[in-house]
Amino acid sequence: MRSIVKNNNKINGKVILVGAGPGDPDLITVKGVNALRRADVVIYDYLANDKLLAKCRAEAEKIYVGKKGGEHTLSQDQINRLLIDKAKTTSVVVRLKGGDPLIFGRGGEELLALKENNISFEVIPGVTAGTAALAYAGIPATHRAEATSVSFITGHEDPNKPESGLNWKAIARMNGTLVFYMGVKNLPTIVARLCKNGKLPTTPAAVIHWGTLPGQRTVQGTLANIEVRVQQENIKPPALIVVGEVVNYRNAMNWFEHLPLFGRRVVITRARAQSSELVRELESLGAEVIEFPTIKIIPPQSWQALDRAITDIAKYDWIVFTSVNGVEMFQQRLNHYDRDVRKLAKTKIAAIGPATAERLRLIGVRADLIPEKFVAEELAALIRKQGTLKGQRFLLPRADLARSLLKDELEKSGAIVDEIVAYRTTLAAADKDKVLHELNNRKIDAITFTSSSTVSNFVDMVGKDQLNCLDDVVVACIGPITQNTAEQLGIDATITAQEYTIPALVDEIVSYFQSINLEGKS
Ligand code: SAH
């Protein structure tokens, strides 16, 4: 239920101050996601991962108020004003801030401004960078007997201020872990003050840039050499400085930067609605995924043919699904007529591969057949093995541009085949310039093609004369048909999956990069 507060006869909304977590979008809390889902307005910062905005309703208003470096889009006063104004006109305003909103996030100032204006609020804490970036860099914030405390300290003090607000003597004497936020620019002053007040120059230190994200970089050393190393590696904000013995555990505990695809940037070209499995798998292996959807799935020009088939479903002996989309569209129309899968009780069902079979399982249907190789030729052969096809009726709900090989093969064996367009694929309207720029500047390690149409649409989108942008990029195809299309269009495939599935494609990508890593080390 939405809470509302009566104030001078006006009904105000509520502001929810939400911690977005340190960067990795999965590190937001469940409660934080729920708040985003019901937000009317989201006001977000530079450090809040904008992928989180996908959790909001499409019609929610999204307002960026971040500051990068010293450049503010709005001053703190203007942000406070905006929060108040929005709360007066809408019911749920989410204020999304990086990490935890009340740790160096100026969240406290915003809450006081709301309080003064009688706007009610809630706070949903977040995972702060001061613990999460350390965890992703393989540094335990505390460790039994060695670091019995951890301090979060601002590194943002003006070094020319005559009196520091910090008690450097006390800080230098702390035996625990010191974590400085916003301190990269002041690193020389921080190191000097610590050493002047008694910290040994041999104390281990690390600087973590964009922790928990695929672009995470960590520099490790001691107070004596950390400045030079940070300069050499050209580390810029946002970054945390960690000082203490716990830094040494990184050698044993550094897991994230050792994930097999860590630091690899991979473009994926499939339709956004279908990309989640591939995105999840690649990201969980440490890759940074750049979505460049070349395809959009749209309904057929008319539902007439599919609807007629569904009404007459009992006349078919077989339904053969050759894609997840085919299953989805079929289910949609079945629902549309208020029918369910019991209507399919007498029909045999084949699926081209495990993803299609899995999608069928979700609607309560177990495929009778799945070929060992997920191509039309194999499926046709397997169906033929089931007995004579003479006079058997087949329904093939499929894409508009699909190959008609399966139909031809089945008809050769005497089957009667109704091939029906259940969905169409069109060119997606993705912004090609950014991806092309990154490809041309060797900022991309790999590109994946998961169907022939992703390849042909890619070529249409970037232009045939631009294909040299793939010269130094690993081109990964899901199977031989996609590879063939790529080669016909002038793109050399580096990798082709043996089994034509997303997990197999990801495995091939991993083995490829692992072999390169090994070469690099030998
Ligand atoms: N409220 C935030 C901190 C905001 S202050 C939190 O709880 O994490 C901004 C500073 O936080 C940056 O200058 C940097 O020192 C640190 N920071 C935030 N996100 C970071 C990240 N992903 N990696 C490293 N440092 C980060």
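Both counts, for ligands and for their atoms, begin at 1 and track the order of listing. Here the structure is a predicted model, which means the values were calculated and not measured.
Ranking the protein heavy atoms by distance from atom 11 (O) of ligand 1 puts Y181 CD2, 3.4 Å first. The nearest heavy-atom contact from the protein to atom 25 (N) of ligand 1 is L240 CG, 3.5 Å. Nearest to atom 24 (C) of ligand 1 among the protein's heavy atoms is I208 O, 3.4 Å. Ranking protein heavy atoms by distance to atom 23 (N) of ligand 1, first place goes to G211 N, 2.7 Å. Protein heavy atom at the shortest distance from atom 3 (C) of ligand 1 is I103 O, 3.5 Å. Annotation: atom 14 (C) of ligand 1 to nearest protein heavy atom, A239 O, 3.4 Å. For atom 9 (C) of ligand 1, the closest non-hydrogen atom on the protein side is L47 CD1, 3.6 Å.
By the 3.5 Å distance cut-off applied to N or O atoms, P101 is not counted among the residues near ligand 1. For ligand 1, one of its N or O atoms has an N or O atom of D100 under 3.5 Å away. The shortest N or O to N or O distance between M182 and ligand 1 is below 3.5 Å. For ligand 1, one of its N or O atoms has an N or O atom of T128 under 3.5 Å away. For ligand 1, the polar-atom distance check against G130 finds no nitrogen or oxygen pair separated by under 3.5 Å. On a distance-only criterion, G98 and ligand 1 share at least one N/O pair closer than 3.5 Å. At least one N/O-N/O distance between P22 and ligand 1 falls below 3.5 Å. Looking at ligand 1, you won't find any N or O of F104 less than 3.5 Å from one of its N or O atoms. Checked by distance only, ligand 1 and A129 come closer than 3.5 Å through their nitrogen or oxygen atoms.
If you check the side chains of K236 and N234, you find a donor sitting under 3.5 Å from an acceptor. Side-chain N/O atoms of Y136 and D24 include a donor and acceptor closer than 3.5 Å.
The pair K51-E291 does not count as a salt bridge, with every side-chain nitrogen at least 4.0 angstrom from each carboxylate oxygen. Between R280 and E277 there is no salt bridge, since no side-chain N of the basic residue sits under 4.0 Å from a carboxylate O of the acidic one.
When side chains are defined from C-beta on, T425 does not count as touching N457, because their heavy atoms never get closer than 4.5 Å. The side-chain heavy atoms of R193 and K196, taken from C-beta on, include no pair separated by under 4.5 Å.
The one candidate from V246, V247, V242 that meets the side-chain contact (heavy atoms from CB on, under 4.5 Å) condition with L134 is V242.
Of all the heavy atoms in P214 and E288, the pair that sits closest is CB-CB, 3.4 Å.
Aromatic ring pairs are classed by plane angle as parallel below 30°, tilted from 30° to 60° and perpendicular above 60°; the pair Y249 and H143 is tilted. Taking the six-membered ring where the residue is Trp, F458 and F449 present perpendicular rings, their angle passing 60° and hence far from 30°.
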